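The residues of the chain are indexed from 1 along the displayed sequence. As the structure lists them, so they are numbered: ligands from 1, and atoms in each ligand from 1. Every heavy atom of this structure was used, including side-chain atoms; hydrogens, water molecules and symmetry mates were not. Predicted model only: the values in this text are computed from it and were never measured.
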Amino acid sequence: MKIDIVSIFPSYFDVLELSLLGKAAKNKLVDVSVHDLRDATTDVHKSVDDSPFGGGAGMVMSPEPWGTMLDGLLQEDSWLIVPSPAGQLFTQGLATELSGASHLVFACGRYEGIDQRVIDHYSTTHRVLEVSLGDYVLNGGEVAVLAMIEATVRLLPGFMGNPDSLVEESHEKGLLEYPSYTKPRSWRGLEVPEVLLSGNHEAIRAWREEQSQERTQRVRPDLVED
Ligand code: ADE
């Protein structure tokens, strides 16, 4: 998978070198390039924003540098992902969908967002998704893109040492994951649930299923409404 990221703060993405994502890059599962939007400006001040038509607080990112940058990056099969608190919610399902794409281009907006015509223009030729990390407002799309890339790349075939760990985790079956325990059996007066020490695989499976259901009902009833 090829990933291009456009931002006015390219150094935000230095952390992609760390952790498992760095390993994925070394193993050639992903090829990530980060681009500075200011490289696509033409004025001496390298300005990327302007005041909003219709008035209001804040600044809007101008369409011209975005057009120049994205024209150079987007290929026929590219998906354009625009992080925005006004977008569709990022879910495990969407991460799975993104993991099937061959080329993702992430466009990080700042301020009050990117001029809407950028999204409207590329929607006529490409798959364009405005995606929100959750119902809160960040200062820009960078942190959201880091989260989306991490959730997506770990799903690529060959990324996980043990692919079974993807099957049992939270959100894979629409439920939250059951609680996990390791040694010692007793810690500060708290015991590991007896069933997990029983060696009875069917009983363990049933207990985990029940714990998942109970936890989801208690913490995220919205996930099991129907
Ligand atoms: N940019 C600002 N807030 C955001 C959010 N909640 N999700 C994605 N991008 C954002």
Side-chain angles (χ1 to χ4, degrees), residues 1-16 18-19 21 30 32-41 46-67 69-70 73-74 78-101 103-123 126-156 170-171 174 176 219-220 222-223:
M1 169 183 280
K2 170 117 181 68
I3 296 177
D4 284 289
I5 306 165
V6 185
S7 165
I8 55 168
F9 295 117
S11 53
Y12 250 99
F13 299 95
D14 291 353
V15 294
L16 289 175
L18 300 169
S19 80
L21 284 185
V30 279
V32 183
S33 306
V34 186
H35 310 269
D36 188 341
L37 180 67
R38 293 194 198 277
D39 291 343
T41 57
K46 294 185 179 292
S47 51
V48 291
D49 63 328
D50 216 323
S51 51
F53 278 122
M59 300 289 269
V60 178
M61 294 191 107
S62 315
E64 294 101 327
W66 280 110
M69 183 60 85
L70 294 174
L73 293 177
L74 288 167
S78 312
W79 294 11
L80 176 60
I81 314 298
V82 184
S84 160
Q88 69 177 99
L89 201 58
F90 188 63
T91 60
Q92 190 67 19
L94 187 50
T96 305
E97 228 185 294
L98 296 189
S99 73
H103 183 208
L104 298 175
V105 178
F106 289 95
C108 300
R110 281 260 146 189
Y111 320 116
E112 295 305 304
I114 302 172
D115 187 302
Q116 185 62 37
R117 290 169 294 180
V118 174
I119 287 121
D120 295 346
H121 171 74
Y122 290 105
S123 294
H126 289 81
R127 179 122 195 245
V128 180
L129 297 171
E130 290 179 89
V131 183
S132 170
L133 209 57
D135 293 337
Y136 43 81
V137 180
L138 303 166
N139 282 334
E142 284 78 6
V143 168
V145 167
L146 283 169
M148 289 187 235
I149 289 177
E150 183 155 321
T152 301
V153 169
R154 66 193 289 284
L155 299 176
L156 293 176
S170 287
H171 300 294
L176 303 184
V219 181
R220 292 289 307 278
D222 55 302
L223 295 177

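Looking at heavy atoms from C-beta onward, Val145 lies in side-chain contact with Phe13 at the 4.5 angstrom threshold. At least one side-chain heavy atom of Trp66 sits under 4.5 Å from a side-chain heavy atom of Ile114.
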Next item on the list: Step by step, work out the side chain to side chain contact (heavy atoms under 4.5 Å, CB included) result for Met1 and Leu98.
Entry: CA-CA 10 Å; Met1 169 183 280; Leu98 296 189; 5.6 Å; no
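At most 12 non-hydrogen atoms from other residues, nucleotides or ligands lie less than 6.0 angstrom from CG of Asp135.
In this structure Glu142 satisfies the salt bridge (Lys or Arg N to Asp or Glu O under 4.0 Å) test together with Arg110, sequence neighbours excluded.
Using a 4.0 Å cut-off between a side-chain N of Lys or Arg and a carboxylate O of Asp or Glu, Asp115 and Arg117 qualify as a salt bridge.
Within 4.0 Å of ligand 1, counting heavy atoms only, the contacting residues are Pro83, Ser84, Pro85, Val131, Ser132, Leu133, Gly134, Tyr136, Val137, Leu138, Gly140, Ala144.
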